[in-house]
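Beneath this line is the structure, given in structure tokens, with notes to follow.
Whatever order the structure lists ligands and atoms in, that order sets their numbers, starting from 1. Note that the structure is a prediction, hence the values are computed from the model and not measured.
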Amino acid sequence: MSEASWTAAPGAPLRGEVRVPGDKSVSHRAIMLASIADGTSRIDGFLEGEDARATEAIFRSLGAGIEAPEPGVRIVHGVGIDGLRRADGPLDCGNAGTGMRLLAGLLAGQAFDSTLIGDASLSKRPMRRVTGPLAAMGARIETGAGGTPPLRIHGGQALRGIEFDNTLASAQVKSSLLLAGLYADGETVVHEPRPTRDYTERMLAAFGWPVDFAPGLARLRGGYRLQATDVRVPADFSSAAFFLVAASIVPGSDLLLRRVGMNPRRTGLLHVLRLMGADIVEANVGEEGGEPVADLRVRHAPLRGIDVPEQHVPDMIDEFPALFIAAACAAGVTRVTGAEELRVKESDRIATMAAGLRALGVAIEEAPDGANIAGRADGFAGGRVHSHGDHRIAMSFAIAGQRARGPVIIDDTANVATSFPGFVTMAKAAGFGLRED
Ligand code: S3P
């Protein structure tokens with residue numbers, strides 16, 4: 001990643017209205033399923049971020065016809081369940097763990113070979129969590145040393161369904177196995193220790209594939225076809241999260257977030273912020289493209305430290321960097337446990353947040369599966385922090401800057417384009433003090 005940086009410092013109270021871009025998880029899945037469906041699908045609200053675009057480019061090179069008539073819209077001419085063809089070279093997933101892990105399952109079922117590669121951050125991430133169970137289904141996939149990318153996938157294998165008891169709560173693992181299961185003989189069943197986001201299951205059903213699912217369980221059989229359908233991508237709760245925290249901690253804020261995706265498997269942060277005393281009100285509750293959406297009005301409120309209930313961890317797994325900033329501004333200590341998965345995200349999010357918070361004068365004790373964060377009513381000291389190639393770390397420290405006594409310089413911010421293009425413009429319009437250097 002390039003060494004772009006930002007300077008964040010207190011701006012104005014956050015006011016007005018914000019509509020954040022489309023959901024990353026849903027955008028990946030929409031491109032994948034539309035590409036292997038029969039017929040033409042339209043995707044509205046597609047995330048114009050690098051991660052989703054990497055998946056789009058991969059499906060173009062696998063033979064799907066994808067048009068982009070205007071920003072946020074894709075017209076996908078599906079090639080049918082067996083219509084993908086071998087790409088000329090390696091398939092570059094960029095920064096996207098979701099892209100790579102889901103593709104590992106989908107490509108394991110093809111007649112041809114594929115190689116999946118990624119950027120420096122993705123190249124360090126664990127892939128055996130998918131290649132292990134996929135091998136049990138009959139897939140042949142080689143990883144790099146230590147179980148990391150690149151993934152060399154040998155096509156032409158006869159896959160068979162398995163019943164898999166995952167020890168990890170991971171929607172990526174579940175989805176990877178379900179996508180391989182489309183090409184497998186018999187039934188593929190995934191059990192989870194705690195329920196995870198169910199977009200793959202819901203979207204398969206919307207494309208007409210019979211799938212049986214309930215929280216913590218998903219089950220399907222191979223041998224059907226997908227029928228093209230239109231997909232409306234809701235606004236990404238994980239992008240809204242930065243504004244929920246920022247408006248909660250900046251005095252005088254009163255911000256309206258429009259049409260935010262409210263899938264219950266994504267909104268753990270909302271419950272936790274409310275337990276901490278946040279003032280967030282839902283209005284205009286409705287549905288878009290089969291997903292619950294709502295407007296969220298968030299006003300500044302004094303926060304208090306809590307023990308984050310472990311049951312919320314999978315439902316806020318991408319929101320911990322933002323939560324750590326809220327915790328650092330709360331009265332008392334916030335304790336996070338049961339979140340060891342944070343160590344294998346786009347960066348080691350416990351270590352990266354701890355280093356950054358310490359640089360800004362916050363006392364934080366790390367544990368293997370979480371941290372204790374001592375809140376400071378007087379906010380943050382100024383200082384210099386590094387994102388370690390992680391978009392959510394960069395945006396979280398932009399929030400910290402809004403409560404800092406001196407400028408917060410954030411190094412390595414180009415990665416924000418992976419999930420939230422236009423963040424700086426939107427944040428400044430809402431009142432953030434934020435400069436691109
Ligand atoms: C995702 C699942 C989660 C999440 C990631 C997106 C998905 O990962 O952290 O940002 O779209 O399925 P895990 O499956 O590793 O928990």
Can you pull out the closest protein heavy atom to [atom]? Residue, atom name and distance to 0.1 Å, please.
| atom | answer |
| --- | --- |
| atom 11 (O) of ligand 1 | S25 OG, 2.7 Å |
| atom 6 (C) of ligand 1 | T98 OG1, 3.3 Å |
| atom 14 (O) of ligand 1 | S170 OG, 2.6 Å |
| atom 12 (O) of ligand 1 | R29 NH2, 2.6 Å |
| atom 10 (O) of ligand 1 | D318 OD2, 2.8 Å |
| atom 2 (C) of ligand 1 | Q172 CG, 3.6 Å |

Do the side-chain N and O atoms of [X] and [Y] include a donor-acceptor pair separated by under 3.5 angstrom?
| X | Y | value |
| --- | --- | --- |
| H391 | S419 | yes |
| R86 | S114 | no |
| S387 | N415 | yes |
| S175 | R29 | yes |

Open item on the list: ring-ring contact (aromatic ring centres under 6.0 Å, His included) for W6 and F423? Distances and angles first, verdict last.
Closed with: CA-CA 12 Å; W6 294 342; F423 171 76; 5.6 Å; yes
TODO: Specify side chain, backbone, both or neither for K345, according to which of its non-hydrogen atoms lie closer than 4.0 Å to ligand 1.
DONE: side chain
Task: Which of the ligand 1 atoms, numbered from 1, are nearer than 4.0 Å to a heavy atom of I317 - done: 9 (O)
With only distance considered, is [X] within less than 3.5 Å of ligand 1 through an N or O on each side?
| X | answer |
| --- | --- |
| S175 | no |
| R392 | no |
| A171 | yes |

Task: Single hit among D318, D315, D23 for salt bridge (charged side-chain N to carboxylate O under 4.0 Å, His left out) with R197 - done: D318
Open item on the list: Looking at ligand 1, would K174 count as a contact under a 4.0 Å heavy-atom criterion?
Closed with: no
Open item on the list: Please check this pair: side chain of D119 against backbone of L122, looking for a donor-acceptor N/O pair closer than 3.5 Å.
Closed with: yes
Task: Derivation of the salt bridge (charged side-chain N to carboxylate O under 4.0 Å, His left out) call for K174 and E192 - done: CA-CA 8 Å; K174 171 178 62 177; E192 302 182 295; 3.6 Å; yes
